[in-house]
Amino acid sequence: MTHSPSDSFRYLAVVIAIGALRWLFSELDFIRKSRLFAPLTASAAVFATGLATVFGRTGALTNVADCIVEAALAGGAAYFMALSVRLARQQRGISAFTGQESAAVVLTACVLLLSLGGVSIEGVSPGRILAAVAILLCARYGGVGGGAVSGVATGATFSLADAAQGYLCGGFGFGGLTAGMFAPLGSFACAASFLLSHSLMSFTFGRENALPSALIEGFIGCVTFLLLPREVGNVVSPMFHNEAGASLGESLRRGVVMRLDFTAKAIANVKKDVQDVSQKLGEMYSPTFSWVCENVARDVCGGCGLKMYCYEHEEGVTRDDFFRLEEILNEKGALSEADVELAFVKGCCKKGEIADQMTQNFRHLQAAREAQRRVAELRGVVAGQFAGISDILRDLSRDFGSAMRSDEDSAERVTEALTAAGFGVADCVCLLNAGGRMTVELSLAQRADAPVQKGRLAREVSRCCGRRFDLPALSYEGGRVRAALCEMPRYDVEIGSDQHIADNGKLCGDCIDYFNDGKGCTYALVCDGMGTGGRAAVDGNMATSVMGRLLRAGLSPDSALQIVNTALMMKSEDESLSTVDVAAVDLYSGGVTLKKAGAPVTYIKKSGRLTTREMPSLPAGILNDIRFSSETVNLNAGDMVVMVSDGVLTGDEKWLERLIRTWNEGSAQSLAQAVVEEAIRRRAQTRDDDITAVAIRLTENDV
């Protein structure tokens with residue numbers, strides 16, 4: 001179709017007409033946000049201006065049929081482009097797209113490539129070369145489905161735009177199909193099959209003057225495809241996952257999520273029911289001082305001849321006489337005959353027997369109360385365990401709920417590759433979340449003392465999945481090694497730490513730990529046991545060890561805190577407590593979540609400005625069902641977080657704020673050391689304490 005200069009003015013009028021229609025309906029959201037608004041607007045503008053050129057005979061269109069076809073093509077293109085824009089605004093990963101959404105993106109790309117189709121150098125079009133490269137990429141990483149969809153869509157778009165290019169519908173479509181069939185054999189086989197099929201269809205249906213350009217375009221496209229770096233596949237491969245293997249059994253997934261959620265709520269309600277029933281029973285059956293008085297009245301007064309006088313004529317006086325003995329018993333723990341004579345208003349002939357029986361029964365009362373107290377403590381610990389189990393199930397429900405799909409094909413490739421490489425893979429799971437990011441969890445059947453080659457493991461998984469993965473996070477439980485890998489995040493962290501032990505001792509009550517959880521989050525822990533020396537070191541190390549182990553296993557900090565709290569309460573009969581300070585850095589977004597249980601202030605340096613985060617809370621090991629105080633702050637590359645123990649805080653923290661605010665050039669390790677050294681210099685000479693500082697700097701991930 002040959003265009004005249006008037007067609008340029010016509011398409012300019014189309015753009016103006018579309019803008020006018022959008023402005024006209026800008027206040028009517030239900031129309032403007034409709035999915036049919038964009039295609040209908042484009043079709044109407046193209047059709048109206050097309051009719052004008054038909055009747056005026058001023059353009060390339062010569063009849064109404066051509067006008068209708070062009071309007072339909074414009075409406076279809078507008079529909080797919082509007083859908084692609086809407087998907088981009090949702091900020092979902094490509095791997096989270098459905099098959100229909102992926103096809104819409106492919107068709108949009110075809111329309112954009114069509115704009116280069118009219119540009120040619122000696123008959124060779126860059127647009128058609130890029131189209132061939134796109135088809136080969138889709139076939140290589142999407143298999144038969146990816147090659148066929150992209151080939152048919154691209155060929156149809158070019159053919160409808162220009163009848164002279166009708167051969168491309170067969171060349172691109174058949175070429176994409178055969179390229180997808182030979183994709184498992186490698187990139188070279190994929191390219192060779194496409195070139196052969198495309199050439200065959202072009203020779204059969206193409207015009208003679210188009211054959212040389214078709215062969216040259218196909219050859220250049222194949223060579224360009226073979227020269228592309230492997231990283232290009234990381235962008236394309238997430239679009240083409242086998243829906244049958246990736247669905248995670250949607251019904252099963254929803255059933256598991258629902259059952260976990262309801263079980264978590266049911267266990268939480270069991271905890272509440274146990275506490276309510278225990279409280280009611282305690283109110284009904286707890287022994288009181290009245291029980292002591294009743295036993296004495298039965299055993300001593302039951303055989304007395306004056307019982308009728310004391311309990312019928314002087315009942316109120318007798319009751320008051322007995323209850324006046326409670327204060328003496330609480331003070332002395334035992335009664336003498338003189339105590340009874342002094343406390344009784346009326347005379348009694350059995351003062352000695354009453355003193356002995358009151359003392360004996362009061363001791364039974366004290367023993368019963370102590371037993372009830374211990375049972376209540378144990379009941380509280382068990383109730384806390386109910387709460388912890390409920391939180392764990394809720395974590396699992398949330399994880400399963402956020403996992404959109406399971407990539408069984410990738411898991412199978414990873415298992416085969418790692419087994420061939422000498423890794424003993426017992427199980428492998430590849431999950432995709434709502435954002436399209438993949439996490440890989442592996443269970444390796446090898447000894448805990450056998451080193452795992454992290455770099456080699458990450459490279460093999462990256463190659464099998466067509467994505468770039470960070471180094472794995474490892475945890476060891478039950479003779480197995482758990483390796484968790486996530487896609488390469490945007491940020492990395494530089495962490496430095498330093499400590500001083502009180503009185504230059506051997507055991508430090510402050511304990512630190514930091515690690516990556518394999519899901520794109522880096523944790524830093526600072527736990528401070530009560531006091532100094534060995535006892536404090538036991539509490540601090542226990543809190544850090546349990547918390548770190550549970551976080552590495554995939555639990556949330558809130559769930560892990562319940563287990564830490566119970567462990568400290570059950571550790572011994574003596575009082576045990578530890579502060580827990582957690583900083584969780586999201587390496588994808590830069591968000592830092594601070595969680596504190598009795599921990600001191602944390603310092604945040606963002607864009608050169610220093611702020612503090614002090615969140616009052618109780619340490620672990622004191623009460624049941626304690627909770628973190630939490631706060632989240634969003635950071636960028638270069639921003640810092642400084643965590644300290646209470647030994648750093650000497651009463652005047654201005655020096656610490658000034659040190660952190662002016663620290664610009666040195667490393668995070670140097671900053672932590674500077675904080676500890678200055679805290680030692682400023683500490684009170686009469687009392688030394690354990691001192692700990694952890695500095696975290698967010699950096700761009702340049703790997």
Side-chain angles (χ1 to χ4, degrees), residues 388-389 391-400 402-403 423-431 433 437-455 457-458 461 469-489 491-493 495 497 511-527 540-568 578 580-588 591-595 597 620 628 630 643 694 696:
I389 294 172
D391 289 342
I392 292 172
L393 292 176
R394 192 173 292 110
D395 284 348
L396 293 174
S397 174
R398 184 167 54 249
D399 287 345
F400 278 117
S402 63
F423 294 94
V425 180
D427 200 1
C428 174
V429 177
C430 299
L431 292 177
N433 63 15
R437 291 196 298 264
M438 178 182 286
T439 58
V440 177
E441 296 188 17
L442 298 163
S443 177
L444 306 178
Q446 60 186 86
R447 301 191 314 274
D449 58 349
V452 177
Q453 298 176 341
K454 293 185 177 182
L457 183 63
V461 174
F469 282 88
D470 200 358
L471 292 177
L474 305 178
S475 56
Y476 303 86
E477 295 292 345
R480 292 284 178 90
V481 180
R482 175 182 176 270
L485 301 92
C486 64
E487 288 192 55
M488 191 69 69
Y491 295 107
D492 198 357
V493 289
I495 301 182
S497 62
C511 204
I512 58 178
D513 190 13
Y514 37 86
F515 54 88
N516 192 307
D517 70 345
K519 296 182 179 179
C521 184
T522 293
Y523 285 100
L525 309 178
V526 178
C527 298
N541 274 276
M542 183 174 183
T544 305
S545 175
V546 175
M547 177 68 72
R549 175 172 293 182
L550 295 176
L551 291 178
R552 286 181 173 90
L555 294 188
S556 69
D558 296 285
S559 300
L561 179 63
Q562 298 300 320
I563 308 300
V564 171
N565 188 54
T566 301
L568 287 173
S578 175
V580 182
D581 199 356
V582 180
V585 184
D586 188 331
L587 300 179
Y588 290 105
V592 178
T593 301
L594 304 176
K595 292 183 175 291
F628 277 122
S630 301
M643 308 165 66
V694 176
I696 307 170

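- In this structure, Asp517 and Leu551 have side chains that are not in contact, with every pair of non-hydrogen atoms separated by 4.5 Å or more.
- Note that CG of Leu485 is 10.0 Å distant from NZ of Lys454, once rounded to the nearest 0.5 Å.
- Remark: Asp513 engages Arg552 in a salt bridge (Lys or Arg N to Asp or Glu O under 4.0 Å) (not counting sequence neighbours).
- Proximity of Leu457 to Phe469: side-chain heavy atoms (C-beta onward) are nowhere separated by under 4.5 Å.
- Expressed to the nearest 0.5 Å, how far CG of Leu442 lies from SG of Cys430 amounts to 7.5 Å.
- In terms of heavy-atom proximity, Cys527 sits nearest to Ser578 at CB-OG, 3.7 Å.
- Listed here is the closest heavy atom pair of Pro472 and Ala458: CD-CB, 4.3 Å.
- A donor-acceptor contact shorter than 3.5 Å is absent between the side chain of Glu441 and the backbone of Val429.
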| request: Begin from the C-alpha positions of Met547 and Tyr523 and carry the test side-chain contact (heavy atoms from CB on, under 4.5 Å) through to its verdict. | output: CA-CA 11 Å; Met547 177 68 72; Tyr523 285 100; over 6 Å; no
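- One finds the CG atom of Asn516 at 7.5 Å from the SG atom of Cys521 (value rounded to the nearest 0.5 Å).
- Residue Phe515 holds its CZ atom at 9.0 Å from OG1 of Thr522, rounded to the nearest 0.5 Å.
- Residue Phe628 forms a side-chain contact (heavy atoms from CB on, under 4.5 Å) with just one option from Val582, Thr593, Leu594, and that option is Val582.
- In plain terms, the two heavy atoms of Ala483 and Leu474 that are nearest each other are CB-CD2, 3.6 Å.
- Taken from CG in Asp492 to CG in Leu587, the straight-line distance is 6.5 Å, to the nearest 0.5 Å.
- Between the Tyr514 side chain and the Ala583 main chain, no donor and acceptor come within less than 3.5 Å of each other.
- Between Met643 atom CE and Ile495 atom CD1 the span is 9.5 Å, to the nearest 0.5 Å.
- Within the 4.5 Å cutoff, the side chain of Asp581 has no heavy atoms near those of the Val694 side chain.
- Contact of the Ser559 side chain with the Leu550 side chain is not registered, since no non-hydrogen atoms from C-beta on lie closer than 4.5 Å.
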